[in-house]
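One structure is given below, represented as structure tokens, and several questions about it will come after.
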Number of protein chains: 2
Amino acid sequence: MRKDKPPSTRRERLQERSRQRRESQKQELRQAILDAAGELFLAHGYTGFSLRQVAEHIGYAPGTIYLYFEDKDDLLFHVADEGFRRFSHAQQQAAAERTHDEPLKRIRALAEAYVDFGLENPAYYRLMFIERPDLMFRSHEPQARAWLSALDDYQEAFKTAAGAVLGESSDLLALSDLWWAALHGIVALANSMPFLYDPPRVKRMLNTALIRFFDQPR
Amino acid sequence: MRKDKPPSTRRERLQERSRQRRESQKQELRQAILDAAGELFLAHGYTGFSLRQVAEHIGYAPGTIYLYFEDKDDLLFHVADEGFRRFSHAQQQAAAERTHDEPLKRIRALAEAYVDFGLENPAYYRLMFIERPDLMFRSHEPQARAWLSALDDYQEAFKTAAGAVLGESSDLLALSDLWWAALHGIVALANSMPFLYDPPRVKRMLNTALIRFFDQPR
DNA sequence: TCATTTAATGAACGCTGTTCATAAGTGTAG
DNA sequence: CTACACTTATGAACAGCGTTCATTAAATGA
């Protein structure tokens with residue numbers, strides 16, 4: 001069956017190698033842009049983030065970036081993507097940490113991981129959920145759909161867990177909506193007024209939320 | 001006692017009149033800038049708001065604005081101030097609407113007014129509580145202090161009302177913190193994903209919140 | 001009428017995102 | 001080996017931004 005192999009003359013092999021090398025170089029520069037973008041974004045925040053700084057940081061002309069990304073939003077989208085990856089990772093880790101058949105502990109672990117992520121990665125959180133939540137819905141990007149389905153999964157998991165604690169009778173859709181809203185509100189407030197809402201006060205808020213939502217005794 | 005009056009020669013009276021006229025003209029232009037700023041801000045939103053557009057809209061050179069406001073932030077601060085005035089007005093009206101000795105109804109009315117304000121004035125809400133919450137803390141501006149004390153009053157009122165419903169034993173500070181966080185989360189989510197969180201769904205969230213927080217039966 | 005104060009200008013600076021004709025480098029075919 | 005074609009990067013250019021400032025025009029006071 002040797003003859004099934006593509007006829008590889010020396011010329012063709014060289015050609016292929018060359019193509020691969022150029023391709024990998026291209027990916028390398030693309031990655032360098034992404035790295036620089038992530039670094040500068042974390043350093044200067046959303047408003048201080050500029051394409052020209054990214055270009056200067058990697059030693060290229062501003063226009064070069066447009067050979068690798070559509071526009072600033074596209075680059076920002078990929079920065080946000082990194083944020084979402086870290087976020088998902090933190091959530092999954094929290095979910096795996098405890099036994100999955102104790103719904104309340106599961107909810108608590110996820111909630112704590114959510115708030116912690118927000119407090120520890122304010123720049124990412126701001127980008128993803130406050131300044132540019134629209135990036136989640138860039139429909140043409142395959143990752144966007146992944147985020148959305150991940151959020152759906154999360155909501156589904158929350159609903160089953162909450163259903164187990166509270167009984168199926170409750171309005172579980174509204175409850176899971178509200179639960180996200182509460183977590184987001186906590187992080188958003190802590191994020192924009194850190195001097196007012198210091199970590200202990202934030203923790204008390206979260207605790208109160210867990211009690212109000214899921215603990216029986218009043 | 002007539003001679004106590006300032007000696008008013010014709011010259012001095014003219015002088016005074018002239019001064020007043022120039023002063024009122026100055027205030028007029030200042031107000032025109034503010035009006036244009038409010039209009040253009042509501043039309044183009046936070047990111048699309050520019051000083052140069054404001055200047056062009058009233059037929060002045062860009063630099064002129066700096067004779068009446070410190071910088072863009074200062075102008076934005078006064079736009080936000082208008083938002084806070086409307087917000088406070090809506091809250092006060094809601095508080096006055098119902099009998100003040102039914103704490104739960106009072107809480108509900110205030111909460112509904114809060115969410116309604118957020119849904120009906122997305123541009124103002126975004127500016128005040130999402131994009132630039134720091135404007136609340138411009139310490140040197142007297143209005144900033146007014147906002148803050150208003151927020152304190154609000155929190156105090158909420159605490160007494162909630163205390164009446166739930167008993168003083170609860171952690172009322174954390175609870176009122178959380179209550180604001182929940183309301184803010186609801187509005188923020190509805191604001192950034194209106195296609196997902198349509199008004200009925202938002203109303204259900206708010207209702208669920210009121211039930212979870214203040215209704216007895218589980 | 002003349003000097004002084006005030007108000008407004010518009011050009012300039014440095015920054016932003018974005019486009020595009022040009023140039024340089026690289027691979028391919030004859 | 002040479003000539004052509006394609007890829008990649010450039011940097012100037014454009015329009016817009018916030019902000020500053022020397023200059024000008026106008027109104028005021030003497």
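The sequence lines fix the lettering, A, B, ..., with proteins before strands; numbering per chain opens at 1.
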Spacing of A:Y66 atom OH relative to D:dA13 atom P, expressed in whole Å: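 Rounded to whole Å, this separation is 18 Å.
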
Ring centroid separation A:Y114 to A:F87 under 6.0 Å: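 Yes, they do, as the ring centres are separated by less than 6.0 Å.
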
task: Could you check how far CD1 of A:I65 sits from P of C:dC20, rounded to whole Å?
output: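 To the nearest whole Å, that distance equals 18 Å.
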
Value in whole Å for how far the C1' atom of C:dA7 lies from CD1 of B:I58: 13 Å

field: Aromatic ring proximity, centroids under 6.0 angstrom, A:F214 and A:W179
entry: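 That pair passes the under 6.0 Å test.
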
- request: Kindly say whether the aromatic ring centers of A:F129 and A:W147 come within a distance under 6.0 Å.
  value: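 Between A:F129 and A:W147, the centre distance exceeds or equals 6.0 Å.
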
Heavy atoms of other groups near A:R201 CZ, more than 12 under 6.0 Å: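 Count over threshold, so yes.
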
- request: Could you tell me the separation between the CG atom of A:L75 and the C1' atom of C:dT18, rounded to a whole number of Å?
  value: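 Those two atoms, CG and C1', are 14 Å apart.
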
- prompt: Between B:R30 (side chain) and B:Y68 (backbone), is there a donor-acceptor pair under 3.5 Å?
  reply: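 Here the side-chain-to-backbone pair exists.
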
- prompt: Under 4.0 angstrom, heavy atoms only, what part of the nucleic acid is B:E70 near: base, sugar-phosphate, or nothing?
  reply: nothing

message: Short of 4.0 Å, heavy atom to strand atom, which residues of residues 37-51 of chain B count as contacting DNA chain D?
response: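 Within this stretch, B:F49, B:S50, B:L51 sit under 4.0 Å of the strand.
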
Could you go through residues 39-56 of chain B and list every donor-acceptor pair under 3.5 Å that involves a side-chain atom there, pairing it with any protein atom two or more places apart or in another chain?
{"unit_1": "B:H44", "atom_1": "ND1", "unit_2": "B:Q53", "atom_2": "OE1", "d": "3.1"}
{"unit_1": "B:Y46", "atom_1": "OH", "unit_2": "B:R132", "atom_2": "NH1", "d": "3.2"}
{"unit_1": "B:S50", "atom_1": "OG", "unit_2": "B:Q53", "atom_2": "N", "d": "3.1"}

query: Between D:dT19 atom P and B:F69 atom CZ, what is the distance in whole Å?
result: 13 Å

- request: Considering just the side-chain nitrogens and oxygens of A:Q53, establish if one lies under 4.0 Å of OP1 or OP2 belonging to C:dC15.
  value: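 Negative; the distance criterion is not met.
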
- request: Could you tell me the separation between the CG atom of B:D74 and the P atom of D:dT20, rounded to a whole number of Å?
  value: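 Nearest whole value for this atom pair: 12 Å.
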
- prompt: Hey, are A:K159 and A:D177 close enough for a salt bridge, meaning a charged N less than 4.0 Å from a carboxylate O?
  reply: no

query: When the distance from NZ of B:K72 to P of C:dC15 is rounded to whole Å, what number comes out?
result: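 Nearest whole value for this atom pair: 18 Å.
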
query: Counting N and O atoms only, with roles assigned by atom type, does the side chain of A:R126 sit under 3.5 Å from a partner on the main chain of A:E131, one being a donor and the other an acceptor?
result: no

message: Could you walk me through whether B:K203 and B:D198 satisfy the salt bridge (charged side-chain N to carboxylate O under 4.0 Å, His left out) test, starting with their C-alpha distance in whole Å, then the side-chain angles of each, then the deciding distance to 0.1 Å, before giving a yes or no?
response: CA-CA 9 Å; B:K203 289 228 177 303; B:D198 50 294; over 6 Å; no

Review item, nucleotides 8-11 of chain C N/O atoms under 3.5 Å of protein N/O:
{"unit_1": "C:dA8", "atom_1": "OP2", "unit_2": "B:Y68", "atom_2": "OH", "d": "2.6"}
{"unit_1": "C:dT9", "atom_1": "OP2", "unit_2": "B:A61", "atom_2": "N", "d": "2.8"}
{"unit_1": "C:dT9", "atom_1": "OP2", "unit_2": "B:T64", "atom_2": "OG1", "d": "2.4"}

message: From CG of B:D73 over to P of D:dC17, roughly how many Å is that when rounded to an integer?
response: 17 Å

